Amino acid sequence: MSWKKLFLLCFPLSVVALGGCLKDTPYQDVSHTAPLIEFGLSPANGRYPPIVFDGDTSGAPAADTAIGLVIASPQVLDKPYTITVAVDASQIAAFNAANGTSYALLPTNLYSMPNLAITIPAGYRIGRIPVTLNLPAFPASHSFALPLTIVNGGGLLVSGNSAQFFWTFDR
């Protein structure tokens, strides 16, 4: 078989074979995915950033902080959503067993979360769960955790990966 015949046979086959790849889109199209709700931080090694106390907190003021909730969606949504979270003590035993730790549930006299139902307004993607830490009441030595779970997405899908929040407090 001459090289011309070989070329005329192989060239069209290679064009057809390689031309099929040109229809691939380089990016995943998420425009039709359902929006979901999740906690705003991603765990590093299964754990959220800890609060570590270095020194006496007896004279410290209460600390106002917040935990973020995020609506993950391809576009900003046009109606408000109310998401409900709850303290989930069952996470502590699992975390302790997996990590060789001995955290206890953060006592309610050491923090306050006045509202566990958070509304994210229309046009926004981020909501805040306000938390006040009663720093003067923290004992000199402790290993506490505040585990939260999204229990109601308010009509949004609840993330399978980021629906739990595990916050530790150590001294």
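These numbers were taken from a predicted model, which means no experiment stands behind them.
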Enquirer: Can you list the steps and then say if L146 with F165 is a side-chain contact (heavy atoms from CB on, under 4.5 Å)?
Expert: CA-CA 8 Å; L146 180 60; F165 184 87; over 6 Å; no
Enquirer: Taking I67 as the starting point, is it possible to reach Y124 by hopping between hydrophobic residues whose side chains are less than 4.5 Å apart?
Expert: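 As far as the 4.5 Å side-chain criterion goes, I67 and Y124 are connected within one cluster.
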Enquirer: Any chance the side chains of S90 and D88 put a donor and an acceptor closer than 3.5 Å?
Expert: yes
Enquirer: Assess the residue pair L133 and L110 against the criterion (side-chain contact (heavy atoms from CB on, under 4.5 Å)); give the C-alpha distance rounded to whole Å, side-chain angles, the decisive distance to 0.1 Å, and a yes or no.
Expert: CA-CA 6 Å; L133 300 173; L110 297 181; over 6 Å; no
Enquirer: Answer yes if L135 and W167 sit in the same cluster of Ile, Leu, Val, Met, Phe, Trp and Tyr residues linked by side chain heavy atoms under 4.5 Å apart, and no otherwise.
Expert: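 Linked within one cluster.
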Enquirer: Flag the pair L77 / L156 as yes when at least one side-chain heavy-atom distance between them is below 4.5 Å, and no otherwise.
Expert: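 SC-SC contact between L77 and L156 confirmed.
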Enquirer: Once the angle between the rings of F144 and H142 is folded into 0 to 90°, is it parallel (under 30°), tilted (30 to 60°) or perpendicular (over 60°)?
Expert: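 Judged by the thresholds at 30° and 60°, the geometry between F144 and H142 is parallel.
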Enquirer: For R125 versus S73, what's the shortest heavy-atom pair and its separation?
Expert: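 Closest pair (atom of R125, atom of S73, distance): NH1-O, 2.5 Å.
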Enquirer: Would you tell me whether N96 and S102 have side-chain atoms, one donor and one acceptor, within less than 3.5 Å of each other?
Expert: no
Enquirer: In this structure, would I129 and L36 fall into the same cluster of hydrophobic residues linked by side-chain contacts under 4.5 Å?
Expert: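 Hydrophobic grouping puts I129 apart from L36.
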Enquirer: Identify the two heavy atoms, one from V70 and one from G40, that lie closest to each other, and give their separation to 0.1 Å.
Expert: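 Heavy atoms of V70 and G40 come nearest at CG2-CA, 3.5 Å.
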Enquirer: Any non-hydrogen side-chain atom of I37 less than 4.5 Å from a side-chain atom of Y81?
Expert: no
Enquirer: Is there a path of hydrophobic side-chain contacts, each under 4.5 Å between heavy atoms of I, L, V, M, F, W or Y residues, that connects L148 with F95?
Expert: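 They do share one cluster, since a chain of ILVMFWY contacts under 4.5 Å joins L148 to F95.
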Enquirer: Output yes when a side-chain donor or acceptor of S112 lies under 3.5 Å from a complementary backbone atom of P114, and no otherwise.
Expert: no
Enquirer: What's the shortest heavy-atom distance between N109 and N134, and which atoms?
Expert: O-ND2, 3.1 Å
Enquirer: If the condition is side-chain contact (heavy atoms from CB on, under 4.5 Å), which residues does A122 pass it with, not counting sequence neighbours?
Expert: P80
Enquirer: Distance-only, no hydrogens or angles: does the S159 side chain make a donor-acceptor pair with backbone N or O of N161 under 3.5 Å?
Expert: yes
Enquirer: Can you tell me which residue among T108, I118, V85, V87 is in a side-chain contact (heavy atoms from CB on, under 4.5 Å) with M113?
Expert: V87
Enquirer: Over all heavy atoms of both residues, which pair between S143 and D170 is shortest? Give the atoms and the distance, please.
Expert: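 Answer, listing the atom of S143 first, then D170: OG-OD1, 3.7 Å.
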Enquirer: If hydrophobic clusters are built by linking Ile, Leu, Val, Met, Phe, Trp and Tyr wherever their side-chain heavy atoms come under 4.5 Å apart, do L116 and L105 end up in the same one?
Expert: yes
Enquirer: What residues form a side-chain contact (heavy atoms from CB on, under 4.5 Å) with A117, not counting sequence neighbours?
Expert: T82, T84, N115
Enquirer: Quick check against the 3.5 Å criterion: does N152 have a side-chain atom that pairs as donor or acceptor with the backbone of G154?
Expert: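 Looks like yes, one N/O pair under 3.5 Å.
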Enquirer: Taking the side chain as everything from C-beta on, heavy atoms only, tell me whether E38 gets closer than 4.5 Å to L69.
Expert: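 No, every pair of side-chain atoms sits at 4.5 Å or beyond.
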Enquirer: What distance do F166 atom CZ and Y103 atom OH have between them, rounded to the nearest 0.5 Å?
Expert: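 Those atoms lie 7.0 Å apart.
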Enquirer: Stepwise, does the side-chain contact (heavy atoms from CB on, under 4.5 Å) test hold for I150 with F39?
Expert: CA-CA 8 Å; I150 299 172; F39 282 104; 3.6 Å; yes
Enquirer: Are any of the side-chain heavy atoms of I83 and I120 separated by less than 4.5 Å?
Expert: yes
Enquirer: Nearest heavy-atom pair of A104 and I92: which atoms, and what distance?
Expert: C-CD1, 3.9 Å
